[in-house]
Amino acid sequence: MKALVYEDVETLGFRDVPDATPQPGEHLIKIRAVGICGSDMHAYLGHDARRPAPLILGHEAAGETVGGEQNGRRVTVNPLVTCRTCAACTSGRENLCAARQIISMPPREGAFAQYVAMPGTNLVHVPDDVSLAKAALAEPLAVSWHAVRLALEALHPAMDKRALVIGGGAIGLAASLALKAMGVADVTVAEPNDMRRAFLTDQCGETTVSRAEGQFPIVIDAVGYAATRATASALAQPGGVIAHVGLGEDTGGLDIRRMTLQEITFIGTYTYTAQDFRDTAQAIFDGRLGALDWAEARPLADGFAAFQDLRAGRVAAPKIVLFPWS
């Protein structure tokens with residue numbers, strides 16, 4: 001099969017690789033659409049030791065099952081594979097499973113390929129009236145859905161439901177969409193890139209600023225750099241909540257003194273639970289997350305150029321979705 005392979009820092013090759021082989025309990029999935037995630041970019045830049053080259057990246061995928069009684073079934077893929085038996089899994093917090101694996105990280109190859117193998121329990125059926133390109137957005141949308149759910153659960157009921165989202169990439173936009181779907185109408189997205197900010201405003205109908213001011217009961221950091229954490233801890237309202245979902249860099253930025261004196265809740269959020277993923281997929285199918293027409297489409301064969309364009313800041317759209325089949 002053909003795949004886009006991470007070969008070295010800022011180097012990707014589109015080439016033949018061994019066919020994906022399902023293990024017992026797994027299905028072979030013909031990938032029809034796969035998105036480029038920020039974590040793929042981190043690996044591409046050599047910033048993620050968990051993803052060493054050579055490796056097939058990509059984990060935001062949708063496609064069709066191949067073979068068996070469910071041949072041709074349209075599915076979106078929950079890429080997080082867990083043991084299903086530990087205390088975290090049985091309590092519905094699968095994202096905290098100590099044995100968790102995710103495709104695009106060893107030992108599981110990713111979905112920048114024509115096929116991938118996944119357990120049947122990780123597949124969610126996609127209705128015929130929903131495009132697989134849209135269904136591939138379930139994974140990044142679920143990341144933000146999970147973060148927003150945790151933030152709202154932690155917010156004191158006396159607080160106003162207003163939110164600041166830091167970062168206008170796919171996770172930031174998805175956070176804004178999830179906030180609105182969960183009843184937070186007043187959402188501001190802070191995005192310094194002029195081209196992307198204009199896209200969010202004109203094409204997505206978002207309220208955007210280049211630099212946020214004021215204070216907010218809810219702050220979602222969808223970037224995760226020291227500078228954005230500093231902004232989050234400065235702009236969170238006393239008694240408010242910061243949900244941190246970005247993984248830009250490891251340390252720095254938080255004003256721990258202010259957060260302590262003002263009782264600001266900080267929540268680290270990672271991926272999603274299986275229920276969050278299913279709930280997000282259903283919200284896509286129901287149209288509660290909007291038209292989801294803001295992704296840019298490119299062939300998988302042109303994936304290296306897509307990464308280069310993202311690296312250079314030449315992409316206005318919050319997401320590029322790659323198509324392995326012409």
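Note that these values count all heavy atoms, side chains included, but never hydrogens, waters or copies made by symmetry. For this chain, numbers begin at 1 and follow the sequence in order.
Inter-residue side-chain proximity for V5 and L55 is flagged as unmet; no heavy-atom pair is nearer than 4.5 Å. Contact annotation: the side chain of H125 approaches that of R73 to within less than 4.5 Å [non-hydrogen atoms, C-beta and beyond]. Side chains of R15 and E7 form a contact here, defined as non-hydrogen atoms less than 4.5 Å apart. Counting heavy atoms from C-beta on, the side chains of S210 and R197 come closer than 4.5 Å. Residues E139 and N78 form no side-chain contact, since every pair of their non-hydrogen atoms from C-beta on lies 4.5 Å or further apart.
Of the N and O atoms on the side chains of T65 and Q70, not one donor lies less than 3.5 Å from an acceptor on the other residue. With no hydrogens or angles considered, no side-chain donor-acceptor pair links T207 and T188 at under 3.5 Å.
Relative ring orientation between Y44 and F307 is described as tilted, the plane-to-plane angle lying within the 30° to 60° band.
For D16, the CG atom counts as densely surrounded, since its 6.0 Å shell holds more than 12 non-hydrogen atoms of other residues, nucleotides or ligands. Surrounding CZ of R162 are more than 12 heavy atoms belonging to other residues, nucleotides or ligands, all under 6.0 Å away. More than 12 heavy atoms of other shown residues, nucleotides or ligands fall within 6.0 angstrom of atom CZ in R258. In this structure, R211 places its CZ atom where only 12 or fewer heavy-atom neighbours from other residues, nucleotides or ligands lie under 6.0 Å away. In this structure, E263 places its CD atom where only 12 or fewer heavy-atom neighbours from other residues, nucleotides or ligands lie under 6.0 Å away.
Partner of R149 under the side chain to side chain donor-acceptor pair (under 3.5 Å) criterion, chosen from T280, D279, D276: D276.
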In sequence, state the C-alpha distance, the side-chain angles, and the governing distance for D221 and V245, and then conclude on side chain to side chain contact (heavy atoms under 4.5 Å, CB included). CA-CA 6 Å; D221 184 349; V245 63; 6.0 Å; no

Verify side chain to side chain contact (heavy atoms under 4.5 Å, CB included) between R257 and T260, making sure each step is shown before the conclusion. CA-CA 5 Å; R257 180 176 179 82; T260 300; 5.9 Å; no

Walk me through whether T271 and H146 qualify under side chain to side chain contact (heavy atoms under 4.5 Å, CB included). CA-CA 7 Å; T271 62; H146 177 70; over 6 Å; no

Yes or no on side chain to side chain contact (heavy atoms under 4.5 Å, CB included) for V34 and V321, after CA distance, side-chain angles and deciding distance? CA-CA 5 Å; V34 55; V321 175; 6.0 Å; no

Kindly indicate, with the supporting measurements, whether the criterion side chain to side chain donor-acceptor pair (under 3.5 Å) is fulfilled by N95 and T273. CA-CA 5 Å; N95 59 321; T273 67; over 6 Å; no

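A salt bridge does not link D186 with K161: none of the charged nitrogens is closer than 4.0 Å to a carboxylate oxygen.
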Enumerate donor-acceptor pairs with a distance under 3.5 Å from any side-chain N or O in residues 290-300 to protein atoms, sequence neighbours excluded.
| from | atom 1 | to | atom 2 | distance (Å) |
| --- | --- | --- | --- | --- |
| E296 | OE2 | R298 | NE | 2.7 |
| E296 | OE2 | R298 | NH2 | 2.9 |
| R298 | NH1 | D309 | OD2 | 2.9 |
| R298 | NH2 | D309 | OD2 | 3.2 |

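Under the rule for a side-chain contact (heavy atoms from CB on, under 4.5 Å), the partners of A113 that lie at least two apart in sequence or sit in another chain are M1, A3, I56.
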